[in-house]
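Below is a structure I'd like to ask you about.
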Number of protein chains: 2
Amino acid sequence: MRPDARRTTLATIAQAAGVSVATVSKVVNERSDVAPQTRARVLELLHQHGYIAPVFRHAEVATNPTIEVQFDGDLKTYSAEALAGIMDAATDLGASVVVSKASRTTHWARDLVAAGRRALIAVTSVYTTAHLNALDRAGLPLVVLDPLHLPHSRVNSVGATNFAGGLAATQHLLALGHRRIGYVGGPAIAVCNQARMHGFRAAMEAASAPVPAAYVRSGEFTYQAGLHGGAALLDLEEPPTAVFTGNDEIALGLIETARTRGLRIPEDLSVVGFDDTLLARMASPPLTTVRQPIREMGSVALRTALRLANGEKVESYHIELATELVTRESTAPCR
Amino acid sequence: MRPDARRTTLATIAQAAGVSVATVSKVVNERSDVAPQTRARVLELLHQHGYIAPVFRHAEVATNPTIEVQFDGDLKTYSAEALAGIMDAATDLGASVVVSKASRTTHWARDLVAAGRRALIAVTSVYTTAHLNALDRAGLPLVVLDPLHLPHSRVNSVGATNFAGGLAATQHLLALGHRRIGYVGGPAIAVCNQARMHGFRAAMEAASAPVPAAYVRSGEFTYQAGLHGGAALLDLEEPPTAVFTGNDEIALGLIETARTRGLRIPEDLSVVGFDDTLLARMASPPLTTVRQPIREMGSVALRTALRLANGEKVESYHIELATELVTRESTAPCR
DNA sequence: CTGAAAGCGCTTACAG
DNA sequence: CTGAAAGCGCTTACAG
């Protein structure tokens, strides 16, 4: 990092603190025979000077840096595909990838640094200002993949053009002659969901197609939510003839509800998903969906994380990759 | 590990090799000014004594050991679920999990040890005697999850009761009155596939139901293979009325082929999958399948790997967890 | 609770 | 290509 600067040694700290090297050594090794005030002062200087104990120096020396990837909750199809992309880039660049569930205890960020992690990738995770501060203090760069929050210059993130995707999906259904189109989306607070919904609304508005309040639903990005959202829409007196969904899982749940009611896809109901995970390709009928380049997004996140770990600047704190409509067999002309 | 034994130092090696500490230091640090023969002799001694350079000692010291999980090829639904189980146990036990693609270069096993890995979990991977020898030499314990080879006492592995699963799936179809039942399986060399197929054959034989040669197919564990295998079976003059498949992906491919030919599931064709990945739950109709406790298998693999890393003995080199038939809506009585 | 002193493991500039 | 010697960073038993 700073090839010319000598590494901070215990002697430096001892001099700065006005104590002996032996005392500093005791603090570093967590021995008990040090006065609390002395310990506090030395600890502070240790941190200021960025002293790294010998056992932890492998992190600096390592030819292949280690990046931690944290997932909120379960590894789903989406996150597995993101991980595949992260692994692609890691293989290319000789980085190691540690996976874990997001659990942010007290010494969270500092522990990650102590364990040799050089950067953190959070997949579709919630984070607070406190988390960001902890990462700053620990000097650990963060890249958020598919952020739930609005892009913010303090946070590096990688996303997809969700608005454009929602627009394209809805225009596809309109082009097939549908006018009564519903939207069954994910969590109302997730920006990716909001962008998809606004893309939907924008297309409907441009086509002067009305959107009754009951046609737009939010919930979770799950199969269960699709089951329920589908039931709610199909129970309406005037149900939609087509539905755009927040992701593929929701679409499959909705299709299952339609099937149990004897509706055929796409003859009786057109459905468009989002993501193009392998669920979409393997659905029966294969699902028309908006492809998110999830794997590529994972690769970009890893590359960005590595650059930040090396102290490089990145061109933009937020990157969006293009979405694309993939037409398969779950959509058909409106009768 | 050996709290009483002093760690091997350069001095020990120097004495054994009959050279100076300085020379040994040069070998360890890969300097060029050492005679080839001297280098070779020292290297050999270094390995015999298990010398670990200071930068790599963190692996021994680490409170949370690191386990490497290697995947052959892409992260699919199956491997993602196994990884989820591995992460469950790792979180409980405070271990770190590094994921990578299996790539076995020259210094493969030794590099893993140098990078601080304490054990290796291979997910559905092929391995050769050469690989096993390399791991032995490096002292790196291996656990194979869902082995492709026959369980062998040299290799620790975790699997599922595939034979029983194949038997249960076929008995279910027989109980529904089917007699013409086909099997579209995975790679012929994979023992898990063989066991499923033999379970199928055993059930058919017990029921005195004939199995024409054309009714049994092998291929890949993929959607594509299901597409093709399904076409081959349905093209027969006397096609089966029910098909048991090697995994859920094959089942979905087969269902898609049936759909394009206007066959309804389960009215015209009953299909049973294997694995019970989330693909099965989200299929339309939801898939009757043999549940493999993949997640639990992952947890067991991690626990076994950690015990081996700590030098503990395990009760059995091969563990099989129970499979279970999950009846959903892709199977119905034979008409 | 502190530090002078001895010592350990390792590295390196340099003489041969 | 080798090693004696100086020296670095750190730890620890022990005196105060």
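Below, all heavy atoms of this structure are taken into account, side chains as well, without hydrogens, waters or symmetry copies.
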Whole angstrom value for the distance that separates P of C/dG3 from NZ of A/K26: 8 Å

A/R303 (side chain) donor-acceptor with A/A89 (main chain) under 3.5 angstrom: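 Not at all, since once roles are kept as given, no pair shorter than 3.5 Å links the two residues.
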
Test: B/R307 and B/E315 ion pair at under 4.0 Å: yes

Side-chain N,O (B/S25) to OP1/OP2 (C/dT11) below 4.0 Å: yes

Contacts of type side chain to side chain contact (heavy atoms under 4.5 Å, CB included), residue B/A82, not counting sequence neighbours: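 Applying side chain to side chain contact (heavy atoms under 4.5 Å, CB included) to B/A82 gives B/L145, B/I294.
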
Separation of the P atoms in D/dG9 and D/dA13, to the nearest angstrom: 23 Å

Atom pair distance, as rounded to whole Å: CG in A/L10 and P in C/dC8: 19 Å

side-chain N/O A/Y51 vs D/dG9 OP1/OP2, d < 4.0 Å: no

Gap between atom CG of A/L43 and atom CD of A/Q48 - 0.5 Å precision: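 Between A/Q48 CD and A/L43 CG, I get 11.5 Å after rounding to 0.5 Å.
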
Verdict with reasoning, A/L93 to A/L302, per side chain to side chain contact (heavy atoms under 4.5 Å, CB included): CA-CA 9 Å; A/L93 300 173; A/L302 191 278; 4.2 Å; yes

Contacts of A/R295 that satisfy side chain to side chain contact (heavy atoms under 4.5 Å, CB included) - sequence neighbours left out: A/A84, A/D88, B/D74, B/K101

Strand-adjacent residues in residues 14-24 of chain B, judged by heavy atoms under 4.0 Å from DNA chain D: B/V19, B/S20, B/A22, B/T23

Side chain to side chain donor-acceptor pair (under 3.5 Å) partners for A/H149, two or more places apart: none

Residues touching DNA chain D, which here means a heavy atom under 4.0 Å, drawn from residues 27-48 of chain A: A/N29, A/R31

Main-chain N/O of A/L46 paired to A/H49 side chain as donor or acceptor, under 3.5 Å: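 A pair under 3.5 Å: no.
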
Watson-Crick or G-U stems of DNA chain D, 3 or more pairs, under 3.5 Å, by first number: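 In DNA chain D, stems of three or more pairs: C:1-3 with D:14-16, C:5-12 with D:5-12, C:14-16 with D:1-3.
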
Side-chain (B/T23) to main-chain (B/V19) donor-acceptor, under 3.5 angstrom: no

Heavy-atom pair of closest approach, residues A/A80 and B/L75: O-CD1, 3.5 Å

Atom CD of B/E30: over 12 foreign heavy atoms under 6.0 Å: no

